[in-house]
Amino acid sequence: MEWVVWVYDTAIGEYKDREAIWIWSIDSDGEYYLIIDPNFRDYFYIDSKYIGIRKLNQILRMELGNLYRDIEVNEVTRKLYGVEHIFYKVSGGFEAVKKASDVLSKKVGEGIYEDDIRPSQKYIMDMNLNPCGWYRFKVSNVTTIDNVSIGVLEEFTPIEERPHPEVRVLSVDVILGSRYGEPDPEYDQVLGIVTYNGENVNNYLLDGNDYNIIRLLETDVSRVDPHVIVGFELNQYIWPYLTERLKKLRRGLKIGKIGGEAHQSVLGHFSVGGRVNIDLKEYVDDLPIFQRKTLEELAGYMKMDLPEYAIDKYLYYDYWSRDREKLIKYVEWRVKAIYNTFKGLEDHIFVLSNITGIPPDYVFTASSGRQAEYYIMKIGRRHGEVTPKVSLRRYRTYPGGLVLNPKPGLHDNIAVIDYKSMYPSIMIKYNISPETIVKSSEGNVVYFDEIGYGVRSDVRGLIPTILEELIRRRDEIRSRLKSLDPSSREYKLLDARQRVLKILANTMYGYMGWIGARWYSYEGASIVTYLGRRTISLSIDKAKELGLNIIYGDTDSIFVDYNIDLINELIEWVSDTLGLEAKIDKVFKKILFTEAKKRYAGLTEDGSIEIVGLEYVRRDWCDYAREAQYVIVKNLLEGASKDKLLDLFRDFVRRLRRKEVDIRKLIIWEQITRPLSEYKVNAPHIEVAKRLSQEGWRIKKGMFIGYIINKGSGPLYKRAVHYTKADPNYIDWDYYIYNQLLPAIVRILSPVGISEKTLESIARGGGVGLDMFV
DNA sequence: TGGGGCCGGGG
DNA sequence: GTGTACGGCCCCA
């Protein structure tokens, strides 16, 4: 029989009492298919440098007992960091191979590779069966269990580029709360579970025993039978809580296909057999544009309606006790937002999964470094590369990009010239890869005296090869996009593809400098940044020689007077002499610099305001000061008079002095970056977190603490209170005038000659007369 | 008063 | 758990 289906996961399952690869898939109507491949053999490599074949077989025979019959050893040639080695490939049944690698790790220790990659992932990479792609499967022995058609794999062929089928989605959110701070699954029942399938919201509220509502969730899942279950904080919070609640009853959470229970899997994500479990929190965690990592930010980004009342989890229990309606309304908004956000992101998720080979389940759980690594592993083996082990290394820093001191003040018509993908281009041009770096200048080597390493030019590195391929694939897609209708399905999918390829290319340099990388290269990363510094310095020299006035520069960019002829000459020189591509990135009609690097505000040619590094973009400044800075700098750039700017400032001061500001705009947000006990200093957010901790909240790394400064004496950390406990009568309004608003405005007005003294006197109420008395 | 701890953001 | 460079706050000696 032949099935044309879209694969969404591979897993280790069973066939006739033996472990087998299970390939979960659906057809264009969303019907389930499970294709079983009983023939895939797990394997690992052992380097022949560390053991002879005779000894190897002897150990395996002695230690494996009956499982030995299930093992095969073959001599193969593979590359390790580009160098050919003779390996023994030990393959066989999953259990036997696992036992064999355990035994050899103990007896030989070194030289064992790929025993740390799960068979289901090896299957994806070796068979080139990428998740979230279409395939034509030939199967036999077809049966049906529940509504899943099951068949045994004969063979398969890929079907290129067909949009993914419409997936059934169920979003889930829960109400967890406790009188005593953080809800504890040991004592605190689940208060409510809310689901949404795109049409109906179902809310199941505690009435007696929460076991009943968890069962209702299970019933809901089995009735809706979703391909995707999506939530916010599913992996770190919701699934662990629900499974912990059920442990008392000695049962698991039954939400998988064919009776599967949710269980913890690789990288700490939860796996729901036969369904795709997606946690959107992991998506927002990865992206810096989401400052506080909230669902509201994500929903706003996706241009969705925001809730009428957002309720903080610290207040869930209060609302549950006092205003349940409002709480339920909010959580209903959440499940809808989660559902709709997923719908907006599904192309990206499926494309990212398809390209990296990481199943959609945990493509977000994997860090961007790991995503890049899976991709390298996949491409590497096509070049005969064995995947190296992560080894323990000493942490070392190395110098990064070059940053120029800006010329402070207001400038007209400034062009930003930057290098197109500077680091990837350097890595390709100079062949920089872990295996191409050498210490000596002998042989075919491009040597860099200044840092004491060179790069081999007789072999092509793996990373540059991969980068070239990424760029080539992306260019192909981009040229196809030109002839497509931007609103078409095809365009959107291809656009998602080219974006993912770009992200992967841009990740490679950072990946190589990451100590946890399998393809880590301190020297390689150092050469990349060294060449980056050299490149930008050379172009600065050339720009000066051409007579261009340089205002600023950072890593891969220079800001110069907008003289199109000279700039074109510079760009041409970069291309001819350095062999790299530079371009005009944007032009500022006005741009304001302070004395500081990495901070400026500009008005672009299309009239938009761009603010970089200043208080406005930082979450550890209160919204009120941030907004004030935006308004005033916008007016400044658009040519407002000094009087107008001072009037605006005066208004912002006045509203604070009159306590007319919504206290939510006074919250300062800071992240907890380590266990509370590891902090060496007192600081407001740490102190507030410690107090929350005493009230029963588990304060974990990565949490955001929002605080407000109250009146009183002593250091700030003693006067900071959690924002849920702030009271306008106790707030230190002066702190907000002198330590939030004033510095944010001094920063942008002092470079244009408005003195700090002038602003301070306005802040004090001077020069306004009446203000003193209101 | 200045250095260290800490945080967030730029490219 | 991708990299380094940087500014600026608060605390404390």
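So you know, we letter chains A, B, ... as the sequences are listed, proteins then strands, and number each from 1.
Applying a 4.0 Å cut-off to non-hydrogen atoms, the residues of residues 713-726 of chain A that approach DNA chain C are A:P715, A:L716, A:Y717, listed by residue number. Of the residues in residues 618-628 of chain A, A:R618, A:R619, A:D620 come within less than 4.0 Å of DNA chain B through at least one heavy atom, sorted by number. Of all the residues in residues 731-741 of chain A, not one reaches under 4.0 Å from DNA chain B with any non-hydrogen atom. Of the residues in residues 513-536 of chain A, none has a non-hydrogen atom less than 4.0 angstrom from any atom of DNA chain B.
Within 4.0 Å (heavy atoms only), A:P399 reaches sugar-phosphate atoms of the nucleic acid but no base atom.
Judged as a ring-ring contact (aromatic ring centres under 6.0 Å, His included), and not counting sequence neighbours, the contacts of A:Y630 are A:Y616. By the side chain to side chain contact (heavy atoms under 4.5 Å, CB included) test, A:L410 pairs with A:K590, A:L592, A:L636, A:L637, A:V752, sequence neighbours left out. When the side chain to side chain contact (heavy atoms under 4.5 Å, CB included) test is applied to A:R474, the partners found at least two apart in sequence or on another chain are A:R478, A:Q498, A:L501, A:K502. Residues forming a side chain to side chain contact (heavy atoms under 4.5 Å, CB included) with A:N354 (at least two apart in sequence, or on another chain): A:N130, A:C132, A:R497. Among residues two or more places apart in sequence or in another chain, the side-chain hydrogen bond (donor to acceptor under 3.5 Å, both in side chains) test is passed with A:S353 by none. In terms of the side chain to side chain contact (heavy atoms under 4.5 Å, CB included) criterion, residue partners of A:D449 (sequence neighbours excluded) are, by chain and number, A:Y447.
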Report all interatomic pairs (protein N or O, nucleotide N or O of nucleotides 1-3 of chain B) with separations under 3.5 Å.
none

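Applying the side chain to side chain donor-acceptor pair (under 3.5 Å) definition to pairs two or more places apart or across chains, those involving residues 699-715 of chain A are A:E670-A:Y707.
Distances shown here put a side-chain N or O of A:T673 below 4.0 Å from the OP1 or OP2 atom of B:dC7. Between C:dT2 and A:N506, no contact under 4.0 Å exists linking OP1 or OP2 to a side-chain N or O. Of the side-chain N and O atoms in A:R674, one or more sit less than 4.0 angstrom from OP1 or OP2 of B:dC6. Side-chain nitrogen and oxygen atoms of A:H685 include at least one within less than 4.0 Å of the OP1 or OP2 phosphate oxygen of B:dC7.
Between A:D279 and A:W239, the side chains place no donor N or O within less than 3.5 Å of an acceptor N or O (distance only, hydrogens not considered).
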